[in-house]
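Keep in mind that the numbers below use all heavy atoms, side chains included, and drop hydrogens, waters and symmetry copies. In what follows, chains are A, B, ... by sequence order, proteins preceding strands, each numbered from 1.
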There are 2 protein chains.
Amino acid sequence: MTKLEKGPTGQRRGRGARERILSASQQLFREQGINNTGMDQLCAVAQVSKRTAYQHFTSKDELVTEYLRRHDPDTMPEIFDSAELTPRERLLAAFEKPPSVPPAETTPLCPFIAAAVEINDTDHPARRRAHDYKASVAARFTETARQAGAVEPEQLGEQLALLLDGASVRTRALDTDALPTAAAIAAVLIDNALPAEAPG
Amino acid sequence: MTKLEKGPTGQRRGRGARERILSASQQLFREQGINNTGMDQLCAVAQVSKRTAYQHFTSKDELVTEYLRRHDPDTMPEIFDSAELTPRERLLAAFEKPPSVPPAETTPLCPFIAAAVEINDTDHPARRRAHDYKASVAARFTETARQAGAVEPEQLGEQLALLLDGASVRTRALDTDALPTAAAIAAVLIDNALPAEAPG
DNA sequence: GCCTATGTACACAAATCGTTCTACTTAAGG
DNA sequence: CCTTAAGTAGAACGATTTGTGTACATAGGC
């Protein structure tokens with residue numbers, strides 16, 4: 001996660017509108033979806049006048065694109081770049097729930113999945129970004145699988161990425177955390193793909 | 001699939017408006033999503049006047065709900081009710097692409113996932129229907145897994161359902177058929193969960 | 001052959017959408 | 001202190017949305 005620097009509740013208005021707009025985007029697009037969030041509401045939450053919003057972003061489409069671009073600029077770095085874990089442990093760590101927000105709530109739907117579903121035009125920059133991000137996650141998995149000595153790292157990478165996405169959408173549909181289910185599958189796949197008893 | 005009885009291209013207008021409306025819903029909601037499909041366009045495709053549409057369905061919400069209700073009233077019966085296949089074969093058959101539509105196109109996103117993402121209100125009947133359908137698929141898998149003699153049928157059922165959803169959303173995001181990836185995982189899970197060399 | 005269900009055409013209301021406008025205020029740097 | 005860039009408030013625009021109202025047409029069962 002990037003630093004959200006929420007500030008003392010009611011961020012003081014004034015300079016720094018762009019940041020406030022993007023913060024509000026993160027919150028609202030995540031909570032209620034892109035199409036269900038109007039610019040009026042977004043500006044109200046960001047405590048920014050509409051004029052200012054449109055000086056920073058020429059259109060809502062551009063704001064959406066920037067919102068996705070800013071979100072996770074690198075792909076899950078806190079997991080894949082962790083030097084303390086063995087490659088095998090890193091693969092498994094991707095399926096552990098981050099300690100953000102109270103454990104009672106269900107994790108919100110992956111913003112890239114949301115964008116891929118809500119936006120219809122395949123050529124929309126936001127959808128392209130979603131495509132790239134999803135490919136990037138698989139590539140990271142593949143890379144780590146290769147480091148771990150998996151027999152078919154590309155296949156394993158694609159499989160693990162699919163598990164994460166399945167867990168995300170199923171959590172949304174059933175309102176129940178599906179990540180443990182995905183984690184169990186991941187453990188099986190990793191065990192199957194890695195040479196037995198390799199240290200990592 | 002239910003009989004769509006498309007008729008000779010330009011369905012003759014007149015009686016039978018309700019069916020035409022639901023047919024158009026299937027087509028348009030699937031192709032462009034629920035929120036991106038207006039009632040005007042829908043009525044035009046259905047060759048039905050708007051007045052008639054609102055005589056059959058009091059609101060778009062109700063139409064969406066009915067569209068999801070009608071769609072697959074039973075859960076994938078052609079797979080789970082097939083008497084020619086062993087339980088194990090039935091589990092695997094769920095991951096084979098149905099021969100509908102040319103193989104070049106990617107399978108459209110599962111309508112229930114679409115509804116779960118596009119609609120924000122958890123209490124919306126359509127979202128409840130999506131919830132129930134997703135639970136139903138898992139239950140069908142579980143039931144079949146039990147027949148096949150799986151050691152932990154409930155876990156396997158939930159896992160296989162997650163794979164299907166992961167494949168659907170990933171196909172959407174990457175514009176590449178992800179079902180084979182899910183099928184490969186399913187094969188591994190099923191092999192792991194079923195007593196070795198059982199006839200089915 | 002008539003009666004009634006059903007459907008049509010199309011204008012219209014009301015809300016909401018993204019977007020732009022004008023005119024005013026404020027904060028920071030030199 | 002004064003200039004200038006940045007932000008504000010809120011009205012308004014045009015397009016689009018869901019949903020209605022009115023007056024008219026037609027197909028089928030009796």
Novice: Not counting sequence neighbours, list each pair that qualifies as a salt bridge (Lys or Arg N to Asp or Glu O under 4.0 Å) and has a residue in residues 31-57 of chain B.
Specialist: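 Listed by first then second residue: B/D40-B/K50.
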
Novice: Side-chain N or O of A/T52 less than 4.0 angstrom from OP1 or OP2 on D/dG7?
Specialist: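 For A/T52, the contact criterion (side-chain N or O under 4.0 Å from OP1 or OP2 of D/dG7) is not met.
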
Novice: If you look only at pairs with a residue in residues 148-181 of chain B, which of them pass as a ring-ring contact (aromatic ring centres under 6.0 Å, His included), with sequence neighbours excluded?
Specialist: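 Matches after skipping sequence neighbours: none remain.
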
Novice: Identify the heavy atoms of B/L92 and B/A187 that sit nearest to each other, and give their distance.
Specialist: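 The pair with the smallest heavy-atom distance is CD2-CA, 4.0 Å.
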
Novice: Using a cut-off of strictly less than 4.0 Å between a heavy atom of the residue and any atom of DNA chain D, enumerate the qualifying residues of residues 55-68 of chain B by number.
Specialist: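 Listed by number, they are B/S59, B/K60.
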
Novice: What residue pairs, at least two apart or across chains, pass ring-ring contact (aromatic ring centres under 6.0 Å, His included) with a residue in residues 24-49 of chain B?
Specialist: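 Sorted pair list: B/F29-B/Y67.
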
Novice: Select from A/R51 and A/M39 the residue whose nearest nucleotide in DNA chain C is closer to the 5' end of that strand.
Specialist: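 Its nearest nucleotide lies further toward 5', so the answer is A/M39.
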
Novice: Please report the distance, rounded to the nearest Å, between CD1 in A/I21 and C1' in D/dA6.
Specialist: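 Atom CD1 in A/I21 sits about 12 Å away from atom C1' in D/dA6.
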
Novice: Does C/dA14 sit syn or anti, given that only angles within 90° of 0 count as syn?
Specialist: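 Base orientation: anti.
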
Novice: Contacts to DNA chain D from residues 113-124 of chain A, heavy-atom cutoff under 4.0 Å, which residues?
Specialist: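 Going residue by residue through residues 113-124 of chain A, none turns out to have a heavy atom under 4.0 Å of DNA chain D.
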
Novice: Using purine N1 to pyrimidine N3 plus N6-O4 or O6-N4 for Watson-Crick, or N1-O2 and O6-N3 for G-U wobble, both under 3.5 Å, which nucleotide pairs with D/dA23?
Specialist: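 With both distances under 3.5 Å, D/dA23 matches C/dT8.
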
Novice: Applying salt bridge (Lys or Arg N to Asp or Glu O under 4.0 Å), name anything that partners B/R140, two or more places apart in sequence or on another chain.
Specialist: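 Listed in chain order: B/D74, B/D81, B/E143.
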
Novice: Would you call A/D191 and A/R88 a salt bridge, taking side-chain N to carboxylate O under 4.0 Å as the test?
Specialist: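 Counted as a salt bridge, because a side-chain N and a carboxylate O are separated by less than 4.0 Å.
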
Novice: Grab the CZ-C1' distance between A/R18 and D/dA6 for me, whole Å please.
Specialist: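 These atoms are roughly 14 Å apart.
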
Novice: Could you tell me how far apart A/N35 (CG) and D/dT16 (P) are, to the nearest whole angstrom?
Specialist: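 Checked: the CG to P distance equals 16 Å.
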
Novice: Under 4.5 Å between side-chain heavy atoms, counting indirect links through other Ile/Leu/Val/Met/Phe/Trp/Tyr residues: same cluster for B/V137 and A/L163 or not?
Specialist: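 Per the 4.5 Å side-chain linkage, B/V137 and A/L163 are co-clustered.
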
Novice: Taking atom types as they are modelled, would you say the side chain of B/K50 forms a donor-acceptor pair with the base of D/dG19 within the 3.5 Å cutoff?
Specialist: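 Checked by distance alone, the answer is yes.
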
Novice: Need to verify one output field. Residue with the more 5' nearest nucleotide on DNA chain D, A/D40 or B/I34?
Specialist: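 Looking at DNA chain D, the more 5' nearest nucleotide goes with A/D40.
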
Novice: Over how many whole Å does the gap from A/Q41 atom CD to C/dA15 atom P extend?
Specialist: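 Whole-Å distance recorded here is 18 Å.
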
Novice: For a quick test of reading the model: is some side-chain N or O of A/Y54 closer than 4.0 Å to OP1 or OP2 of C/dT20?
Specialist: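 No.
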
Novice: Taking atom types as modelled and ignoring hydrogens, do the side chains of B/S59 and B/E62 form a donor-acceptor contact shorter than 3.5 angstrom?
Specialist: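 Short answer, no.
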
Novice: Separation of A/R20 atom CZ from D/dA6 atom P, in whole Å?
Specialist: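 Value for this atom pair: 14 Å.
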
Novice: Applying the side-chain contact (heavy atoms from CB on, under 4.5 Å) criterion to B/T65, which one of B/K60, B/R70, B/H124 satisfies it?
Specialist: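 Exactly one option meets the side-chain contact (heavy atoms from CB on, under 4.5 Å) with B/T65, and it is B/H124.
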
